[in-house]
S.K.: 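Sharing a structure, written as structure tokens. Questions coming.
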Amino acid sequence: MAKHISTEVSKTVLNFTRGSHPEGFTVTVYNDSYKTPSINRFASFQLNILAAGQDQLRSNDWYRLVPAVSYKIPPGDSTQFQVEILDVPPISEDFTGTLNLTARVYSPELRDEDRKDILLKVAGDSLSPPKLSLPDPHLTAYPGEQVELEVTLFNPNRKAIDCGLVLQGLDPAWLSDGVQKTLMLPPRESRKL
């Protein structure tokens, strides 16, 4: 069966660092329907960027695409999409390394698709900070009454992290255990202090 779409990408390897400028590339799509006289027609094209291991239930706001859908173009002509990678695809909060992306082009009129592979190299150690929560952010106490402050720390990373918690704004003499606590927090676990 003859292919009615061909695709070119301007870069096949992208280097991305969280928090830096977006990494961009161009996808050029060709309407090759003229190669089959019975199919020879104007066609529009849609482009999706897919990441290996991507959580399909989460949004695709990690990249920007212009235009969202192409106009109908004649046989033998081409259209271009500008793609900007804004963030790491939703596969893991702390992913670093090399990830396979696929540029998938589809045409409803030609009922055909084409795919191109792209490598996304995500740099950095990218450890996320621990998440802190209080069971009740509002505490009430009477003079002379002892109140226990319970704090929960959660490590969202795939690696263990050392955490330090410092309570500021209170007289250290009021705190029997001191104003600072440290602990080693295992990956994807929480601890109460």
Side-chain angles (χ1 to χ4, degrees), residues 1-131 154-159 187-189:
M1 181 173 169
K3 293 287 289 175
H4 303 116
I5 302 171
S6 57
T7 309
E8 292 176 1
V9 292
S10 62
K11 296 180 185 176
T12 56
V13 178
L14 305 170
N15 295 300
F16 183 79
T17 304
R18 277 185 177 85
S20 68
H21 299 290
E23 179 68 21
F25 63 99
T26 303
V27 177
T28 306
V29 182
Y30 298 90
N31 180 350
D32 290 340
S33 66
Y34 69 92
K35 295 178 180 178
T36 308
S38 63
I39 304 292
N40 193 14
R41 65 178 64 125
F42 278 71
S44 62
F45 298 94
Q46 299 171 3
L47 173 65
N48 291 23
I49 306 298
L50 310 170
Q54 178 181 347
D55 182 352
Q56 298 299 325
L57 299 177
R58 292 176 62 186
S59 68
N60 283 335
D61 58 0
W62 57 274
Y63 70 91
R64 180 175 30 235
L65 185 62
V66 177
V69 177
S70 77
Y71 293 106
K72 287 190 177 185
I73 60 169
D77 204 352
S78 66
T79 188
Q80 285 191 331
F81 293 91
Q82 301 299 320
V83 182
E84 282 187 316
I85 304 297
L86 306 172
D87 200 357
V88 177
I91 56 170
S92 171
E93 289 183 28
D94 57 346
F95 178 82
T96 57
T98 302
L99 179 65
N100 292 322
L101 301 180
T102 302
R104 178 189 176 264
V105 178
Y106 176 75
S107 171
E109 292 82 11
L110 300 177
R111 295 185 182 172
D112 199 2
E113 72 174 46
D114 192 28
R115 294 174 181 247
K116 291 293 178 197
D117 293 327
I118 302 158
L119 288 179
L120 178 65
K121 294 183 177 182
V122 180
D125 194 14
S126 72
L127 288 175
S128 299
K131 296 179 180 171
F154 173 71
N155 178 5
N157 300 291
R158 291 183 294 173
K159 298 178 184 175
R188 310 233 192 248
E189 287 190 21

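From a predicted model like this one, the values you see are computed outputs, not experimental measurements. Because only heavy atoms are used, hydrogens play no part in the values below, and waters and symmetry mates are left out as well, while side chains stay in.
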S.K.: So does H4 get a backbone contact from the side chain of D112, meaning a donor-acceptor N/O pair under 3.5 Å?
M.R.: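 Pair found, side chain donor or acceptor close to backbone of H4.
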S.K.: Side-chain contact test, heavy atoms from C-beta onward, threshold under 4.5 Å: evaluate it for S33 versus N40 and give yes or no.
M.R.: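 Side chain of S33 against side chain of N40, heavy atoms only: contact under 4.5 Å found.
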S.K.: Will you find, in the side chains of S44 and E109, an N or O donor that is under 3.5 Å from an N or O acceptor?
M.R.: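 Short answer, yes.
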S.K.: State the CG-CD1 distance between D32 and I39, to the nearest 0.5 angstrom.
M.R.: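 Atom-to-atom, D32:CG and I39:CD1 are 12.5 Å apart.
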S.K.: Could you check whether any side-chain heavy atom of L119 comes within less than 4.5 Å of a side-chain heavy atom of L101, counting everything from C-beta outward?
M.R.: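 No; the side chains remain at least 4.5 Å from each other.
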S.K.: Please enumerate all residues that pass side-chain contact (heavy atoms from CB on, under 4.5 Å) together with N48, with sequence neighbours excluded.
M.R.: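 Partners of N48 under the side-chain contact (heavy atoms from CB on, under 4.5 Å) test: L50, Y63.
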S.K.: Less than 4.5 Å apart, any side-chain heavy atom of F25 and any of I49?
M.R.: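 A side-chain contact exists here, since the closest heavy-atom pair is under 4.5 Å.
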S.K.: Within the 4.5 Å heavy-atom criterion, are L65 and L47 side-chain neighbours or not?
M.R.: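 Yes; the side chains approach each other to less than 4.5 Å.
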S.K.: For D114 and T7, indicate whether the former's side chain and the latter's backbone hold a donor-acceptor pair under 3.5 Å.
M.R.: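 Answer holds: yes.
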S.K.: Locate the shortest heavy-atom distance separating I73 from T79; write the atom from each residue and the value.
M.R.: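 Minimum heavy-atom separation between I73 and T79: CD1-N, 3.9 Å.
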S.K.: Do V29 and V27 have side chains that approach each other closer than 4.5 Å (heavy atoms only, starting at C-beta)?
M.R.: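 Side-chain contact under 4.5 Å: yes.
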S.K.: Checking K121 side chain against V13 main chain: does a donor-acceptor pair fall under 3.5 Å?
M.R.: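 Here the side-chain-to-backbone pair does not exist.
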S.K.: Would a 4.5 Å heavy-atom cut-off, applied to side chains only, mark P130 and F154 as touching?
M.R.: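 Heavy-atom side-chain distance check fails, nothing below 4.5 Å.
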S.K.: Looking at side-chain heavy atoms only, is the closest gap between I85 and L14 below 4.5 Å?
M.R.: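 I85 vs L14: side chains touch.
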S.K.: I'd like to check T12 versus I118 (side-chain heavy atoms, cut-off strictly below 4.5 Å). Are they in contact?
M.R.: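 No - every pair of side-chain heavy atoms lies 4.5 Å or more apart.
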S.K.: For E23 and F16, work out which heavy atoms get closest and say how close.
M.R.: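 Scanning both residues completely, I find the closest heavy atoms to be CB-CD1, 4.2 Å.
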S.K.: Testing the basics here: between L120 and P89, what is the closest heavy-atom pair and its distance to 0.1 Å?
M.R.: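 Heavy atoms only, the tightest pair is CD2-CD, 3.8 Å.
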S.K.: Judged by atom type as modelled, is there a donor-acceptor pair below 3.5 Å linking the side chain of S70 to the main-chain atoms of F45?
M.R.: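 Judged by distance alone, yes, a pair lies under 3.5 Å.
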S.K.: Going from OH on Y30 to NZ on K35, what distance comes out if it is rounded to the nearest 0.5 angstrom?
M.R.: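 Here the interatomic distance stands at 11.0 Å.
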S.K.: Would you give the length of the straight line joining atom CZ of F81 to atom CD of Q46, rounded to the nearest 0.5 angstrom?
M.R.: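 Nearest 0.5 Å value for the CZ-CD distance: 8.0 Å.
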S.K.: Taking S10 for the side chain and T26 for the main chain, is one N or O donor matched with an acceptor at less than 3.5 Å?
M.R.: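 Yes; at least one donor-acceptor contact below 3.5 Å.
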S.K.: Only counting residues at least two apart or in another chain, list the ones meeting side-chain contact (heavy atoms from CB on, under 4.5 Å) with P74.
M.R.: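 Once residues adjacent in sequence are excluded, the partners of P74 under the side-chain contact (heavy atoms from CB on, under 4.5 Å) criterion are F42, D77.
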S.K.: How far does CD1 of I5 sit from CD of E113, to the nearest 0.5 angstrom?
M.R.: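 Answer rounded to 0.5 Å: 7.5 Å.
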S.K.: Keeping the roles fixed (side chain from R41, backbone from L110), state whether a donor-acceptor pair exists under 3.5 Å.
M.R.: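 Side chain of R41 to backbone of L110, a donor-acceptor pair under 3.5 Å: no, none is there.
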S.K.: If you round to the nearest 0.5 Å, how far is OG1 of T36 from NZ of K3?
M.R.: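 Between K3 NZ and T36 OG1, I get 11.5 Å after rounding to 0.5 Å.
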S.K.: Hey, does the side chain of R115 reach the backbone of R104 with a donor-acceptor pair shorter than 3.5 angstrom?
M.R.: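 Such a contact is absent between R115 side chain and R104 backbone.
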S.K.: Ignoring hydrogens and geometry beyond distance, is a side-chain donor-acceptor pair present between E8 and T28 at under 3.5 Å?
M.R.: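 The answer is no; no qualifying pair exists.
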